[in-house]
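First the structure, in the form of structure tokens, and then the observations on it.
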Amino acid sequence: MNTVLWIVQGLLAAMFLFAGLTKATQPRENLIAQLGGWVEDFSAGQVKTIGILEVLAGIGLILPALTGILPVLTPIAAAGLVITMIGAIVVHVRRKEYSALGMNLVLLVLAAFVAWGRFGPYAF
């Protein structure tokens, strides 16, 4: 199970590092074209903040556990991503962007799995 958790942590970290860097570095206009209409509901600063938080969570999924320095940050990062995905689902439902819900639900379940495993029976 520890190996499965590491694989899921790695996948989540890669996805959120990529998505977060995109949101944090691209102009808002480009993000509207790339990511869809939800970006229109947020200011450029808010989108960049979301991106930075996603990058930090991606780092938090791997680095603390890998180094052994404050490994409790790994499940906390996963729990933060669960909250982030709940927020994303709310935004997409409110905007009737139902096609985006599948990916949000998958990411939510994977992040919840990591939080459960690393807070619980497979903690570091």
Side-chain angles (χ1 to χ4, degrees):
M1 184 60 81
N2 188 50
T3 303
V4 172
L5 283 163
W6 270 109
I7 290 168
V8 173
Q9 284 170 236
L11 290 172
L12 283 172
M15 292 187 75
F16 279 101
L17 283 169
F18 176 75
L21 283 172
T22 300
K23 291 175 189 132
T25 60
Q26 296 295 312
R28 187 170 177 270
E29 296 73 31
N30 291 1
L31 293 174
I32 291 170
Q34 289 176 346
L35 302 176
W38 72 265
V39 177
E40 295 171 347
D41 289 354
F42 298 90
S43 70
Q46 289 171 318
V47 174
K48 288 195 185 309
T49 300
I50 292 167
I52 291 167
L53 291 173
E54 288 178 350
V55 168
L56 291 174
I59 292 168
L61 287 170
I62 301 295
L63 197 58
L66 194 63
T67 63
I69 300 171
L70 292 172
V72 72
L73 293 177
T74 294
I76 290 172
L81 289 174
V82 168
I83 294 166
T84 301
M85 289 299 96
I86 291 170
I89 289 167
V90 168
V91 168
H92 290 303
V93 167
R94 190 182 75 230
R95 291 183 53 88
K96 296 180 176 54
E97 296 172 341
Y98 302 116
S99 63
L101 295 180
M103 181 59 80
N104 293 145
L105 286 170
V106 168
L107 293 172
L108 184 147
V109 169
L110 292 175
F113 172 68
V114 171
W116 164 81
R118 294 308 186 196
F119 271 131
Y122 304 98
F124 298 106

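Just so it is clear, the structure is predicted and the values come from calculations on it, not from any experiment.
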How long is the gap from [atom1] on [X] to [atom2] on [Y], to the nearest 0.5 Å?
| X | Y | atom1 | atom2 | value |
| --- | --- | --- | --- | --- |
| His92 | Asp41 | NE2 | CG | 10.0 Å |
| Trp38 | Arg95 | CH2 | CZ | 10.0 Å |
| Leu35 | Thr22 | CG | OG1 | 7.5 Å |
| Tyr122 | Asn2 | OH | CG | 9.0 Å |
| Leu12 | Leu5 | CG | CG | 10.5 Å |
| Leu110 | Met15 | CG | CE | 8.5 Å |

Consider only side-chain heavy atoms of I, L, V, M, F, W and Y, link residues closer than 4.5 Å, and tell whether Leu101 and Val91 are in one cluster.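 Shared cluster, no.
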
Let me check something: do Leu107 and Val114 share a hydrophobic cluster, defined by ILVMFWY side-chain heavy atoms less than 4.5 Å apart, either directly or through other members? yes

Could you tell me whether a side-chain N or O of [X] sits under 3.5 Å from a main-chain N or O of [Y], the two making a donor and an acceptor?
| X | Y | value |
| --- | --- | --- |
| Arg28 | Phe42 | yes |
| Gln26 | Lys23 | no |
| Arg118 | Val72 | no |
| Gln9 | Ile62 | no |

Looking only at non-hydrogen atoms, find the nearest pair between [X] and [Y] and report the distance.
| X | Y | value |
| --- | --- | --- |
| Trp6 | Leu66 | CH2-N, 3.8 Å |
| Ala24 | Ile52 | CB-CG1, 4.1 Å |
| Pro64 | Leu73 | CG-CB, 3.8 Å |

Are more than 12 heavy atoms, taken from residues, nucleotides or ligands other than Phe18, located less than 6.0 Å from that residue's CZ atom?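 Incorrect, the count does not exceed 12.
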
When clusters are formed from ILVMFWY side-chain contacts under 4.5 Å, directly or step by step, what else is grouped with Leu17?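 The other cluster members (ILVMFWY side chains, heavy atoms under 4.5 Å, direct or chained) are Leu21, Val55, Ile59, Leu63.
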
Any side-chain heavy atom of Val8 sitting closer than 4.5 Å to one from Leu61? no

